[in-house]
2 protein chains.
Amino acid sequence: MNDGHEPLTESVRSLIDAVIRTEVDPEKIAAAHAHVAAALDILGEQMMPGAYGVRAAPDGRRAPRGNVLIGERNAIAPPLIVDRDEAGLVSTEVDLGAAYEGPVGHVHGGVCSLILDHLLGATAHRPDRPAFTGTLQLRYVRPTPLGPLRAEAWVEHEDGRKTYARGRILSAGQTTVEAQGVFIRPRADRSAD
Amino acid sequence: MNDGHEPLTESVRSLIDAVIRTEVDPEKIAAAHAHVAAALDILGEQMMPGAYGVRAAPDGRRAPRGNVLIGERNAIAPPLIVDRDEAGLVSTEVDLGAAYEGPVGHVHGGVCSLILDHLLGATAHRPDRPAFTGTLQLRYVRPTPLGPLRAEAWVEHEDGRKTYARGRILSAGQTTVEAQGVFIRPRADRSAD
């Protein structure tokens, strides 16, 4: 899909960061605000109701483009690019900046849980059958600094529609957060949509 | 603080939503993008390095304005407005729209964990001594629909620097996610900054 949407999302991602870190004076804040308002007016001319969900783009590909972690239309999403290797390991490399801060200079503990929830859940997903989180347990081993991180998850065992998964976040090769969880796929006769 | 920053953040929050839900044509996407780029140029003229952390504003009040959940400069933050009653119950009412979507029409399970991590942690915070998450356990009882939600947390018991907390998210009066966790305050001689 090349309708200019992804570059726009990328710029809004930079804008979120700039609004947090800018030190320009109130007059310039007002000038920037006028541009944001103008962009809003243009985009607001025609909007779908509710949320994006899973839709086909002009290229026919169905995807959850509004997803808070992986959506290519969602500026909140870092976005997370999830890789899977042949052995079933699911992993991501992500660089989290000022917008994901909790404790000073560190990633919010809840953002770590958000990433781990998604990654552990990804071990259980099947095409068009996303898994829902049943339980998730997190152990925070040490603070997670802002900056480049790796996260990985793998299946411990499966039992029918239930997947028991484990995972962790690493910063500079050291584990900062460990997770384990149970993820449940809806019955095949019940669509997630 | 009335330097126009909060209204700008609020508009960028609306912009995140509009980028997800807009259905305007590529020419209009490009026109909106030009405004976003112009805003970025203005704000980018002077930026603090790193992240916001905790700083004093012109009014002297120190606050974590970049915080991903409560920061008034952070457009990712809904923001969460955390209330505390005399009995120690910590709660928030929040309306989560398209930008927080995971399963179609529902809040991402990881966003629920992010909110609960923060809220349970808030039961353990002391002025200028934020608590860090030790462990967090989540049980997803039913899917959490996008829309107005309530979340609440309370202290189960305390043991020195450790706070054992519980909490839950409710949608239309029904519990969707339950949480319990242990939160740890750094020693008084070690600043969180």
Side-chain angles (χ1 to χ4, degrees), chain A residues 3-4 8-9 11-12 14-16 18-24 26 28-33 35-40 42-48 51-54 66 68 73-76 98-101 103-104 108-110 113-114 117-118 133-140 146 192-193, chain B residues 3-4 8-9 11-12 14-16 18-24 26 28-33 35-36 38-40 42-48 51-54 66 68 73-76 98-101 103-104 108-111 113-114 117-118 133-140 146 192-193:
Chain A
D3 59 2
L8 170 60
T9 309
S11 289
V12 174
S14 300
L15 187 63
I16 294 170
V19 170
I20 294 170
R21 300 200 295 125
T22 190
E23 299 183 302
V24 299
K28 288 185 174 165
I29 295 286
H33 195 168
H35 280 294
V36 172
L40 259 176
I42 296 168
L43 298 174
E45 282 176 27
Q46 203 181 331
M47 304 248 283
M48 60 187 74
Y52 188 91
V54 174
V68 65
R73 279 177 172 241
N74 195 328
I76 294 180
Y100 304 94
E101 192 176 34
V104 176
H108 193 294
S113 70
L114 168 58
D117 174 83
H118 195 91
T133 315
T135 61
L136 183 66
Q137 292 174 52
L138 302 141
R139 197 168 78 88
Y140 292 79
L146 292 173
D193 303 39
Chain B
D3 59 1
L8 170 61
T9 310
S11 289
V12 174
S14 300
L15 187 63
I16 294 170
V19 170
I20 294 169
R21 299 199 294 125
T22 191
E23 299 183 302
V24 300
K28 287 185 175 165
I29 294 286
H33 196 168
H35 279 295
V36 172
L40 259 176
I42 295 168
L43 298 174
E45 282 177 27
Q46 204 182 330
M47 304 247 284
M48 60 188 74
Y52 189 91
V54 175
V68 65
R73 278 177 173 240
N74 194 327
I76 294 180
Y100 304 94
E101 190 175 36
V104 176
H108 194 295
V111 170
S113 71
L114 167 57
D117 175 82
H118 195 90
T133 315
T135 61
L136 183 65
Q137 292 174 54
L138 301 141
R139 197 167 78 86
Y140 292 78
L146 292 173
D193 302 38

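The model shown is predicted, which means the values in this text are computed figures rather than measured ones. Labels below follow one simple rule: chain letters A, B, ... track the order of the sequence lines, proteins then strands, and each chain is numbered from 1.
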Taking side chain as C-beta onward, heavy atoms only, is B:Y100 less than 4.5 Å from A:I76?
yes

Would you indicate whether the side-chain heavy atoms of A:H35 and B:V36 approach each other to under 4.5 Å?
no

A:D117 and B:G110 have their tightest heavy-atom pair at OD2-N, 3.2 Å

Please report the shortest heavy-atom distance between A:A32 and B:A39, naming the atom on each side.
O-CB, 3.7 Å

When heavy-atom pairs shorter than 4.5 Å are enumerated against chain B, which of [options] gives the highest number?
options	result
A:A98, A:S11, A:A37, A:G44	A:S11
A:R139, A:H118, A:H108, A:E45	A:H108
A:A38, A:G66, A:A99	A:A99
A:I16, A:I42, A:V12	A:I42

Could you pull out all residues at least two apart from A:S14 that satisfy side chain to side chain contact (heavy atoms under 4.5 Å, CB included)?
B:L40

Mind ranking B:M48, B:K28, B:Q137 by heavy-atom pairs under 4.5 Å with chain A and telling me who comes out on top?
B:M48

Between [atom1] of [X] and [atom2] of [Y], what distance do you get to the nearest 0.5 Å?
X	Y	atom1	atom2	value
B:T9	A:H33	OG1	NE2	9.0 Å
B:I20	A:Y52	CD1	OH	10.5 Å
A:L43	B:I29	CG	CD1	5.5 Å
B:L15	A:L8	CG	CG	7.0 Å

Do any N or O atoms from the side chain of [X] and from the backbone of [Y] form a donor-acceptor pair under 3.5 angstrom?
X	Y	answer
B:E101	A:G53	yes
A:R21	B:M47	no
A:R73	B:T22	yes

Run the numbers on A:T135 and B:L138 for side chain to side chain contact (heavy atoms under 4.5 Å, CB included), then give the verdict.
CA-CA 5 Å; A:T135 61; B:L138 301 141; over 6 Å; no

Those residues at least two apart in sequence (or on a different chain) that pass side chain to side chain donor-acceptor pair (under 3.5 Å) with B:Q46 are none

At a 4.5 Å cut-off on heavy atoms, which part of B:A30 comes close to chain A: side chain, backbone, both, or neither?
neither

Which bit of B:L146 comes within less than 4.5 Å of chain A, counting heavy atoms only: side chain, backbone, both or neither?
side chain

Cut-off 4.5 Å, heavy atoms of chain B, and the answer for A:A31 is both

